[in-house]
Amino acid sequence: MSEKSKKPNKPSVYKPKPISGFPEWLPEERLVELKWLDHIRRTFESYGFASIETPSVEEIDVLLAKGEVDKEIYVLERLHKDEDDDKDARLALHFDQTVPFARYTAQHFNELTFPFKRYQMQRVWRGERPQLGRQREFYQCDIDVINIDNLPLAFDAEMAAVAYEVLDGLDIGRVQMRISNRKILTGLLESMDINDPVPVTRIIDKIEKLPIQQIENLLKEEKLSDNQIADIIQLAKTKGTKQDLDAIEPKNDKMKEGLDELAEVLDNLSHLPSEAIIADLSIVRGLDYYTGIVYETQLLDVEQFTGSVCSGGRYDNLASSFINKKLPGVGISIGFTRLFDVIRQSRRDLMNIGPKCPTDVLVYTEDKDLKETTNITAQTLRKRGFNVEVYDTVKKWEKHFKYAKNKGIPYIWYVNGPDTHEVKNMATDDKKETNPNDWNKDE
RNA sequence: GCGACUGUAGCUCAGCGGUAGAGCUCUCGGUUGUGGUCCGAGCGGUCGCGGGUUCGAACCCCGUCAGUCGCCCCA
């Protein structure tokens with residue numbers, strides 16, 4: 001111990017540790033992430049959704065407008081805050097984009113055209129315990145529509161159609177969206193004189209995770225009779241097509257309304273593959289602001305993760321917390337980071353990891369006197385739309401080659417003389433003479 | 001917030017009371033000489049942190065912090 005302390009004083013290094021739940025990717029992964037985000041943006045815009053961004057922070061009172069306090073919210077505070085800062089409105093990082101969107105719509109009500117269709121792709125923050133598919137900082141890609149007074153059910157169908165098209169287009173295996181309508185279960189519960197549907201809802205939500213016996217026991221703890229439990233479970237196990245819904249006997253108007261709405265939405269999605277979107281009455285969602293149609297989406301080809309990568313629903317009253325108008329909305333949110341990270345860790349083969357940089361061509365010369373020609377060549381190629389790096393002339397010849405190989409750069413461009421150029425295709429090993437004005441990538 | 005497990009080199013890990021190790025990466029040299037190979041050398045570690053037991057702790061004990069996985073909840 002004493003001998004070690006005699007060591008010459010070394011510069012002290014702070015060893016950084018990863019911050020759990022705040023992910024970061026390597027360049028080759030980030031390139032895939034950007035490709036996915038571009039695809040999502042293009043698809044959203046192809047349906048006419050307009051982009052907006054809202055600040056990362058909202059007043060805490062806005063975030064809690066729907067009385068949902070059990071979410072872990074990160075509060076924003078200055079390190080050197082003034083004595084009288086307590087008077088200021090307290091700010092917090094937003095934990096989703098739906099509540100800020102409702103606030104935005106209410107606040108800019110006069111300047112917006114309705115039905116207002118927007119998409120939003122931003123980071124959100126939740127102070128929960130991280131695990132596979134659950135981060136504390138993550139991207140959500142949301143589309144929502146809000147209208148005045150009434151919002152046609154066609155939009156509920158469109159949300160599902162857009163989300164399915166996005167996910168299907170990412171080439172990450174089979175994706176299945178499951179749809180229900182909250183009115184069906186709450187209608188049934190109301191017919192049983194159960195006023196607070198939340199406890200039962202939470203239990204039904206687990207119907208696929210737990211054995212049916214355990215579900216029954218949990219429902220018994222809610223003081224339900226055996227008959228009631230049987231009815232609830234039978235309903236919740238209903239799964240399939242529109243025809244499977246027809247067999248259900250509505251117990252009251254609300255339940256009938258829910259079933260009719262769900263059938264209409266499914267009708268509106270008949271152009272999609274039959275396995276893509278199914279009815280599943282066990283889908284109820286935890287969030288309390290949903291009032292009608294609800295969605296959840298599973299990756300069927302990723303066994304390690306069964307959670308939903310894309311969820312949402314209809315909310316009739318969310319914006320009315322911020323403005324004295326009736327502004328029903330419906331929206332869906334792709335848990336982008338969840339989706340990306342789950343695939344990254346569990347099905348890397350589906351990611352198509354490519355190069356570590358966007359470079360098309362690495363320009364290199366062995367002859368220091370040709371530096372100017374090298375730079376002009378690179379410039380010419382860049383103007384023609386190629387991504388070009390210049391590798392400095394170094395002692396060890398093969399270093400540039402290893403560099404291109406390791407980074408996945410597809411072409412090396414050799415400047416051999418003022419007008420003598422050669423290009424090597426790294427994939428085929430072919431090398432041929434060319435010039436910067438006419439060269440093109442091999443097909 | 002609760003439970004289980006894990007913290008050793010930049011990365012993956014071995015060592016589990018007796019001088020801190022390997023592979024990969026990285027740097028340098030040689031070989032090859034239109035190159036992706038091979039060989040050699042080098043750099044790199046308060047063994048998460050703090051206390052205790054011991055002649056002696058990376059190793060045993062206690063605490064603490066961090067991470068991973070479950071639960072809760074959710075994208």
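A, B, ... follow the sequence lines: proteins, then strands. Residue 1 opens every chain.
Listed pair A/Q131 / B/G70 meets the phosphate criterion, a side-chain N or O lying under 4.0 Å from OP1 or OP2.
Between B/G52 and B/A57, the distance separating the two C1' atoms is 11 Å to the nearest Å. A distance of about 12 Å separates the C1' atoms of B/G18 and B/U54, rounded to the whole Å. With P as the reference atom, B/C24 and B/U37 are 12 Å apart, rounded to whole Å. B/A22 and B/G44 are spaced 14 Å apart, taking the P atom of each and rounding to whole Å. As rounded to the nearest Å, B/G45 and B/A9 have P atoms that lie 10 Å from one another. Between B/U19 and B/G23, the two C1' atoms lie 23 Å apart (nearest whole Å). Taking atom P on both nucleotides, B/G10 is separated from B/C72 by 38 Å, rounded to a whole Å.
Side-chain contact, A/K407 with A/Y403: a donor N or O sits under 3.5 Å from an acceptor N or O. In summary, the side chains of A/Y139 and A/E33 do not present any donor paired with an acceptor at a separation below 3.5 Å, with no hydrogens or angles considered. Counting only N and O atoms by type, the side chains of A/E296 and A/S311 include no donor and acceptor under 3.5 Å apart.
For A/N406, taking side-chain heavy atoms from C-beta onward, the closest of the listed nucleotides B/U68, B/A75, B/C26 is B/C26. Among B/C73, B/G70, B/G35, the nucleotide with an atom closest to any side-chain atom of A/E128 is B/C73. Out of B/C74, B/A75, B/G70, the shortest distance to the side chain of A/Y290 is found at B/A75. When each of B/U68, B/C73, B/C28 is scored by its nearest atom to the side-chain atoms of A/R202, the top-ranked nucleotide is B/C73.
With hydrogens and angles ignored, a donor-acceptor pair closer than 3.5 Å exists between the side chain of A/K431 and the base of B/U34. With hydrogens and angles left out, the side chain of A/R126 and the base of B/A75 share a donor-acceptor pair within 3.5 Å. Between the side chain of A/R134 and the base of B/C73, at least one donor-acceptor pair of N or O atoms lies under 3.5 Å.
A 3.5 Å limit on both hydrogen-bonding distances identifies B/A22 as the Watson-Crick or G-U partner of B/U12. Across all strands shown, B/U68 forms a Watson-Crick or G-U wobble pair, both distances under 3.5 Å, with B/A4.
For the pair A/Q135 and A/Y414, nearest-nucleotide mapping onto RNA chain B gives the more 5' position to A/Y414.
Between atom CD1 of residue A/I204 and atom OG of residue A/S180 there is a gap of 11.0 Å, rounded to the nearest 0.5 Å.
In this structure, A/R178 fails the cation-pi test against A/Y295, since its NZ or CZ atom is not both closer than 6.0 Å to the six-membered ring centre and inside 45 degrees of the ring normal.
Among the heavy atoms of the strands, none lies under 4.0 Å from A/I334. Among the atoms of the strands shown, base atoms are found under 4.0 Å from some heavy atom of A/D429. Looking at heavy-atom distances under 4.0 Å, A/G133 makes contact with a base.
The stacking criteria are not both satisfied for A/F336 over the base of B/A75, which would need a centre-to-centre distance under 5.5 angstrom and an angle between ring planes under 30 degrees.
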